[in-house]
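Both backbone and side-chain heavy atoms feed into the values below; hydrogens, waters and symmetry mates do not. It should be emphasised that the depicted structure is a prediction, and the values quoted were computed from it without experimental measurement. Order of the sequence lines sets the chain letters (A, B, ...), proteins ahead of strands, with each chain counted from 1.
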Protein chains: 2
Amino acid sequence: MGRGPTSKDVARLAGVSQSTVSYVMSGKRSISAETLRRVEEAMATLNYQPHAGARALAGSRTNTIAIVMPFASAYDAGQLMAFVEEFVLAARRHDCDVLLVTAEEGIEGLRRITGRSLCDAAVVMQVTAHDERAEAARHLDFPVMFIGVPEDPSGLACADFDFESAGSLLVEELAGLGSARVSVLGWSAESVARDYNYIVRFSRGVRNAAQARGLPVEWHPTPAEGSFASSIDAGLHADGGRTGVIMTSGLPAGMRALAARGLVPGRDVDVVALCTEAEAEEQSVPLTAVSTQPRDVSRRVAGRLFSLIEQGRRAEEGVDVVPAELVRRASTRAG
Amino acid sequence: MGRGPTSKDVARLAGVSQSTVSYVMSGKRSISAETLRRVEEAMATLNYQPHAGARALAGSRTNTIAIVMPFASAYDAGQLMAFVEEFVLAARRHDCDVLLVTAEEGIEGLRRITGRSLCDAAVVMQVTAHDERAEAARHLDFPVMFIGVPEDPSGLACADFDFESAGSLLVEELAGLGSARVSVLGWSAESVARDYNYIVRFSRGVRNAAQARGLPVEWHPTPAEGSFASSIDAGLHADGGRTGVIMTSGLPAGMRALAARGLVPGRDVDVVALCTEAEAEEQSVPLTAVSTQPRDVSRRVAGRLFSLIEQGRRAEEGVDVVPAELVRRASTRAG
DNA sequence: TTGTATGCGTTATCAT
DNA sequence: ATGATAACGCATACAA
């Protein structure tokens with residue numbers, strides 16, 4: 001593991017000074033066509049690559065972004081991966097690398113990556129309503145973007161999917177189809193207890209829209225499949241009108257519960273969901289759904305973050321919301 | 001983003017030389033109890049953290065491991081995440097960070113991270129039978145571990161789940177239950193075409209065991225649900241004896257195909273699967289299955305890698321295989 | 001348009 | 001047991 005060629009080697013081979021090589025790379029001063037050619041040729045023949053550590057030490061940029069990931073979370077793994085992949089691709093386009101940090105490290109993790117100058121900025125995923133990291137970031141002279149919106153986002157740069165609108169859209173859809181009440185197959189009590197704000201906001205959207213339409217809402221935490229099942233038996237065909245179903249987490253189990261009772265979405269029940277497009281389409285009956293767009297969110301975050309980094313500024317306060325859209329599929333009757 | 005305190009600041013506050021501070025951190029020479037105390041106190045009050053770049057430049061270690069991830073792959077996202085999480089946790093225990101690189105970057109990515117001294121070692125996931133990165137790694141004076149085994153693993157350090165045994169175990173199980181033939185609901189033609197070696201090895205395991213038992217095998221690529229469905233109609237109840245089913249990818253679709261025909265696993269058909277434990281357990285009928293143990297594989301890789309790094313050596317040739325185990329659940333009749 | 005020289009914050013080799 | 005001091009490879013202010 002002997003070190004590779006340095007900018008000094010390149011300089012010698014090109015017959016210029018080391019600083020010229022540096023300037024060729026940064027483009028921070030004009031270079032004559034001839035020297036440019038020779039330096040680039042030398043770099044190519046030596047297969048030169050700048051030493052990241054030296055660069056970080058001399059300049060003040062690491063060309064690295066940390067991304068704080070919630071691994072063992074209630075969130076869907078596919079969504080997380082989509083977000084992260086999109087972000088890594090964006091980072092590479094800006095000649096940056098991505099450092100992976102577990103949320104488990106908590107606030108100490110933030111301190112570590114900033115204190116050790118491991119990165120130029122951080123992206124914190126899966127923010128809770130009262131996230132200690134939010135408070136920490138407010139007093140940090142360091143660009144941090146949050147995916148998810150804490151209860152008090154003042155002074156923070158956040159981006160997220162519009163879960164509140166998502167909830168409303170789904171209720172509106174069911175209402176438009178003539179549902180007399182709404183049954184939500186929601187997150188586990190555990191997820192709710194974790195205080196993830198997106199759940200809070202989604203619920204608020206559902207509640208508001210339902211209230212506006214005068215529809216009663218029933219909530220069923222996911223693992224309590226029994227409560228949902230008995231609700232199916234008791235309520236879906238009640239006299240007071242049809243019950244519309246909103247599925248969020250635990251989609252497979254929910255679909256099975258319906259199937260076990262011979263209920264076909266779109267024929268016997270109207271079912272809408274909050275899930276990925278892939279999930280919506282791979283069900284026995286493709287689901288009318290609002291899908292959270294992890295790649296969209298990721299692109300926005302990357303866009304905002306890199307524009308800031310390139311200007312050497314701190315992340316700007318502001319919540320960036322990716323709009324929710326509903327896609328109609330077979331699980332709801334033709335309007 | 002002013003720089004934080006340096007070891008020089010710590011030294012001044014503790015009334016010692018800067019080099020002493022460095023030695024306190026590395027533990028590479030003995031320090032008197034008194035100075036140790038004062039230095040540690042100074043570090044604490046200043047909240048000192050060493051500059052990663054400077055450290056990488058002066059020493060020759062970055063304390064970073066790169067992990068080359070296949071994002072948009074056929075592999076299950078949950079498995080990938082489990083592997084990665086486990087690895088990050090292990091890395092932190094060794095005071096290392098993890099750099100995320102997309103497989104998309106291919107061989108150039110390897111060159112980049114080594115050339116720029118971004119990391120001390122790399123983990124390459126999702127290796128194909130004839131992986132160009134394998135060839136590249138052989139000529140690299142740099143520790144690389146592969147998850148997955150290329151056709152020619154000579155000179156490489158690999159680790160993987162024992163897919164071949166997994167295939168055999170599943171066939172043996174069905175054979176033991178009296179199956180007269182085996183139907184494999186396998187990967188898409190696309191996945192197979194991508195040349196992932198784990199598919200090859202799994203298939204080999206199935207084929208060998210079936211041959212030994214004299215059982216005919218039928219293969220059904222996943223998206224061609226129709227072929228599997230008609231095979232169900234035609235064959236599962238044929239006279240020549242029961243057909244055992246092995247499910248690999250496309251588990252939900254496969255389960256639905258059975259359900260649609262009123263076939264209950266364990267009652268009407270014996271079904272075994274290659275999937276995660278979670279998947280096996282969340283089906284309508286819990287599945288007898290061999291589960292690939294991403295966390296086990298991860299721990300082995302981490303163990304081998306860090307022991308090498310700490311000795312400053314290159315990764316040693318050798319394939320490390322995590323044994324396959326079958327767990328019986330309700331989808332197979334009581335033996 | 002280019003070269004010289006200094007400093008970034010460590011590690012590690014000499015000394016003592 | 002501890003202090004000086006010289007790299008490490010690059011960026012950049014200052015000269016020319």
Closest to the [X] side chain, choosing from [options]:
X: B:Tyr48; options: C:dT4, C:dT10, D:dT12; value: C:dT10
X: B:Ala58; options: C:dT11, D:dT2, C:dG3; value: C:dT11
X: B:Ala54; options: D:dG9, D:dT12, C:dG9; value: C:dG9
X: A:Thr35; options: D:dA4, C:dT1, C:dC8; value: C:dT1
X: A:Tyr23; options: D:dA13, D:dA4, C:dG9; value: D:dA13
X: B:Pro50; options: C:dT11, C:dT10, C:dG3; value: C:dT10

Using a heavy-atom cut-off of 4.0 Å across all strands, would you classify [X] as base, sugar-phosphate, or nothing?
X: A:Glu34; answer: nothing
X: B:Thr6; answer: sugar-phosphate
X: A:Val21; answer: nothing
X: A:Thr20; answer: sugar-phosphate

Return the value, rounded to whole Å, for the distance between atom CZ of A:Arg55 and atom P of C:dG9.
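It is 18 Å, rounded to the nearest whole Å.
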Toward the 5' end of DNA chain D, which comes first, A:Arg29 or A:Gly4, by nearest nucleotide?
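That would be A:Gly4.
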Under-4.0 Å salt bridge between B:Arg116 and A:Asp95
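Judged by the 4.0 Å cut-off on N to carboxylate O distance, B:Arg116 and A:Asp95 do form a salt bridge.
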Has the side chain of B:Ser19 got a donor or acceptor that lies under 3.5 Å from a partner of the other kind on the base of D:dA4?
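Answer yes: a donor N or O sits under 3.5 Å from an acceptor.
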